[in-house]
Amino acid sequence: MKKPITAALAATLLAGPALAADIPLRDFFRTPEQGNFTVSPNGDSVAFLAPWESRRNIVVRRPGKSDQRVTSIKDRDLSGYFWKGNDRLVYTKDNGGDENFHLYSVDLSSGETRDLTPFPGVRAEIVDGLIDRDDELLVGLNKRNPEIFDVYRVNLKTGELKLEAENPGKVASWGTDHDGNIRVAVETDGVNNTVMYRDEPGGKFRKLLTTTFRENFTPLFFTFDNQRFYASSNLGRDKSAIVEYDPKTGKEVKEIYARGDVDVDGLGYSHKRKVITCADFETDKPGRQCFDPVSSELYAKLQASFPGYQVDIQSGDRAEDRFVVAVWNDKTQGKRYLYDKAGDKLTLLADVTPWLPEDRMAAMKPVQYQSRDGLTINGYLTLPRGKESAKDLPVIINPHGGPWARDSWHFNPEVQFFASRGWAVLQMNYRGSTGYGRKFWEASFKQWGGTMQDDVSDGVDWLVKQGVADPKKVCIYGGSYGGYATLAGITKTPELYRCAVDYVGVSNLFTFMKTIPPYWKPFLDSMYEMVGNPDKDKALLRERSPVFHVDRIQAPLLVLQGAKDPRVNIDESNQIVDALKKRGVDVEYIVKDNEGHGFHNEENRFAAYGAMESFFKKYLD
């Protein structure tokens, strides 16, 4: 089920080889030759993504045969794919970054590709892949009303679309039982979410419970008798926990797993064995808690083979005999293996980025500091390799997008690239970042450019006091909300930053609210609660909109924008650039006509980071 929209510096690292400055920019941002591996339902084949004509396409590897490319996409990378039976793959792709994803089917026998949702301006969202039905799946489409999604059953052989559930007007997400029947719907009035349930397929929906948008009760999947369901819930708690819920009594039956430090919101299960497997959570690093001995033993065996690395199972066959295993850490995207459980054998599928040697990458170190009003801010500090004990380093402050998301410990090519050029990088999970509980999230409400921005500024102050940062060589860079935080930083605290890079960032909170995608409209009232109401909070939004304070900007600015961005309209970047030009301030502005919310095409990534490298060198070196 899909979730509704709703300090001490660590010890010095071991010294290693010198900076990786001689590694070309393109090696950090080029598309991997092989990645995103999945195993077919019968376990005989694997599929993966590989570049062709500079775009990621699907390749199938069968025993005893040469690898076969089965798609021929030239305009834009596909966004995701999965197996449907052993002879068909399904993938999604948008047009130039407009995020109106279409659903495509590839018949491996005939080589035929079919657009299953050939409707201009319509977005397709997978509701249920129907793992036991090779020829069908359930997809949500907003073709009747761009603000809401109806559910259709798609016949992959014929392309026929059959209406499965018409949205009465307020359903934000749908949930199915293990037989593929729609049994749960979550309605929203923009502020309150109501979980609707029906006892049997085709029956009448009834209300189970209503929560405010401040609360989290997210149905995940049904128990294996289809009578109860598991949910991620913070009802009566600060941190979300995994619970089992009985719709007959309307009560939580039991708590499956909870933690006192972070939210728990992911739960896996075995389709074959009909048991729950592991819960996922994230502290400073990703973690899991397994509940069944089979999963516990499997992960323990795999982890023992790769000490010092994170080990994840990314795909498996229906018999649960063969698995795609990812092995990685903060210094490498790592390797992918096919694990044969019966023979206890690991076969290397690919080294994802062999041109980026792990021993030349920088460590991503979890850190903490205190905000000026006493909150603990978690983050990550990446120091250039060989400069771990250096002082007064040039630093890039890198607030994440969302803003209701978080930075995580993983291999980040962007951060590694900056570190390779000799620049330290600080990423902070400012208030509002997800995973740290309800109170920490709510502390961000109506604080865009307020205390959320203070958390960023406090990170700069902490780095300077630790002796890490040269206060005269601190730049700020971010994308989406991080782009907004960049603009807010150079208008609210212009004295902190030597330069700034705004990547698809919001500049005007009034126009931002007016240009959101139509399918975000049902959540607009909650956005007003979390960000501000353009009518009731006019003074607040004006004060927090960087475009109205360009007179305070002292730092040189680079702006990057996709022309087709549906979330942060190009007008957001145009406004800040135009306002600066009217003041006679020189600002570098890069627009890509075939991109949306971020640059995904390889050549555009190269151009963006090439511009950033030149820009940061000018002001940090």
Side-chain angles (χ1 to χ4, degrees), residues 379 394-403 405 407 412 414-415 418 423-433 444 447-461 463 469 473-509 512 531 543-562 565 567-580 585-591 597-599 608-609 611-613 615-616 618-620:
V395 175
I396 296 173
I397 301 298
N398 183 209
H400 64 74
D407 271 318
N412 186 322
E414 184 176 82
V415 170
F418 293 150
W423 311 319
V425 181
L426 177 65
Q427 302 163 276
M428 69 290 294
N429 286 323
Y430 46 76
R431 70 191 69 201
S433 299
S444 71
Q447 290 300 325
W448 284 40
T451 54
M452 292 172 74
Q453 195 65 36
D454 291 342
D455 293 345
V456 178
S457 302
D458 292 345
V460 179
D461 183 59
L463 276 182
K473 288 189 176 182
V474 177
C475 289
I476 184 169
Y477 155 64
S480 195
Y481 176 86
Y484 166 82
T486 293
L487 298 176
I490 60 175
T491 52
K492 184 176 184 178
T493 54
E495 71 282 357
L496 290 183
Y497 301 111
R498 180 73 182 86
C499 70
V501 178
D502 160 30
Y503 189 17
V504 297
V506 174
S507 68
N508 184 334
L509 294 175
F512 168 66
V531 182
E543 174 58 31
R544 303 285 175 80
S545 294
V547 73
F548 300 117
H549 310 293
V550 292
D551 58 306
R552 303 176 188 170
I553 294 178
Q554 302 172 12
L557 178 64
L558 166 63
V559 178
L560 303 104
Q561 177 70 47
D565 193 336
R567 304 187 216 178
V568 178
N569 189 278
I570 189 173
D571 185 50
E572 294 300 311
S573 291
N574 288 342
Q575 288 181 71
I576 198 76
V577 170
D578 291 345
L580 283 169
V585 177
D586 187 29
V587 54
E588 188 175 352
Y589 188 24
I590 297 175
V591 177
H597 198 59
F599 295 177
Y609 289 107
M612 284 189 220
E613 181 177 26
F615 186 79
F616 285 133
K618 185 175 181 180
Y619 299 106
L620 290 178

*Find the distance between CD (Glu543) and CH2 (Trp448) and round it off to the nearest 0.5 Å.*
16.0 Å
*Nearest heavy atoms of Gly459 and Leu426, plus distance in Å*: O-CD2, 3.7 Å
*Calculate, to the nearest 0.5 Å, the distance between atoms OG1 and CG belonging to Thr486 and Leu558 respectively.*
10.5 Å
*Closest contact, heavy atoms only, Tyr481 versus His400*: CD2-O, 3.8 Å
*Assess the side chains of Asn574 and Tyr589: does a donor N or O sit below 3.5 Å from an acceptor N or O?*
yes
*State, with a plain yes or no, whether a side-chain heavy atom of Ser457 is found less than 4.5 Å away from one of Leu496.*
yes
*side-chain contact (heavy atoms from CB on, under 4.5 Å) between Gln447 and Met452, worked out*: CA-CA 6 Å; Gln447 290 300 325; Met452 292 172 74; 3.8 Å; yes
_Within this structure, what is the OH-CD distance for the pair Tyr484 and Gln453, rounded to the nearest 0.5 Å?_
7.0 Å
*Check whether any side-chain heavy atom of Asp565 sits under 4.5 Å from a side-chain heavy atom of Glu572, and report yes or no.*
no
*Any idea which heavy atoms bring Gly562 and Ile570 closest together, and the distance?*
O-CB, 4.4 Å
*Among Leu487, Ile490, Leu580, which residue meets the side chain to side chain contact (heavy atoms under 4.5 Å, CB included) test with Val550?*
Leu580
*With a cut-off of 6.0 Å (strictly less than), are more than 12 heavy atoms of other residues, nucleotides or ligands near CG of Asp551?*
yes
_Closer than 3.5 angstrom, by distance alone: can the side chain of Lys492 be matched with the main-chain N or O of Ala485 as a donor-acceptor pair?_
no
_Taking the side chain as everything from C-beta on, heavy atoms only, tell me whether Arg498 gets closer than 4.5 Å to Pro556._
yes
_Residue pair Met428 / Asp455, side-chain heavy-atom distance below 4.5 Å_ = no
*asked:* Rounded at 0.5 Å granularity, tell me how far CZ in Arg544 sits from NE2 in His549.
replied: 9.5 Å
_Between Leu463 and Ile397, is there a side-chain heavy-atom distance shorter than 4.5 Å?_
yes
*asked:* Test your reading of the model: is there a side-chain donor-acceptor pair from Ser545 to the backbone of Leu509, 3.5 Å cut-off?
replied: yes
_Ser433 side-chain N/O to Tyr430 backbone N/O, donor-acceptor pair under 3.5 Å_ = yes
*Answer whether the closest heavy-atom distance between the side chains of Leu620 and Ile396 falls below 4.5 Å.*
yes
*What are the two closest heavy atoms between Gly483 and Asp502, and how far apart are they?*
CA-OD1, 3.5 Å
_Under a 3.5 Å distance rule, please check whether Gln561 uses its side chain to pair with a backbone N or O of Val568 as donor and acceptor._
yes
*asked:* Would Asn398 and Asp407 count as a side-chain contact (heavy atoms from CB on, under 4.5 Å) here? Give the steps.
replied: CA-CA 10 Å; Asn398 183 209; Asp407 271 318; 5.5 Å; no
*Report yes if the distance between the aromatic ring centroids of Tyr477 and Phe615 is under 6.0 Å, otherwise no.*
no
*For Ser507 and Ile576, work out which heavy atoms get closest and say how close.*
CB-CB, 4.1 Å
*Just wondering, do Val501 and Leu560 contact through their side chains at under 4.5 Å, heavy atoms?*
yes
*Pair Tyr609, Glu414: side-chain N/O donor-acceptor within cut-off below 3.5 Å*: yes
*Grab the two heavy atoms, one from Ala488 and one from Pro546, that are nearest each other, plus how far apart they are.*
N-CG, 3.8 Å
*Hey, are the side chains of Phe616 and Cys499 touching, using non-hydrogen atoms and a 4.5 Å cut-off?*
yes
*Can you label the angle between the Tyr503 ring and the Phe599 ring as parallel, tilted or perpendicular, going by 30° and 60°?*
perpendicular
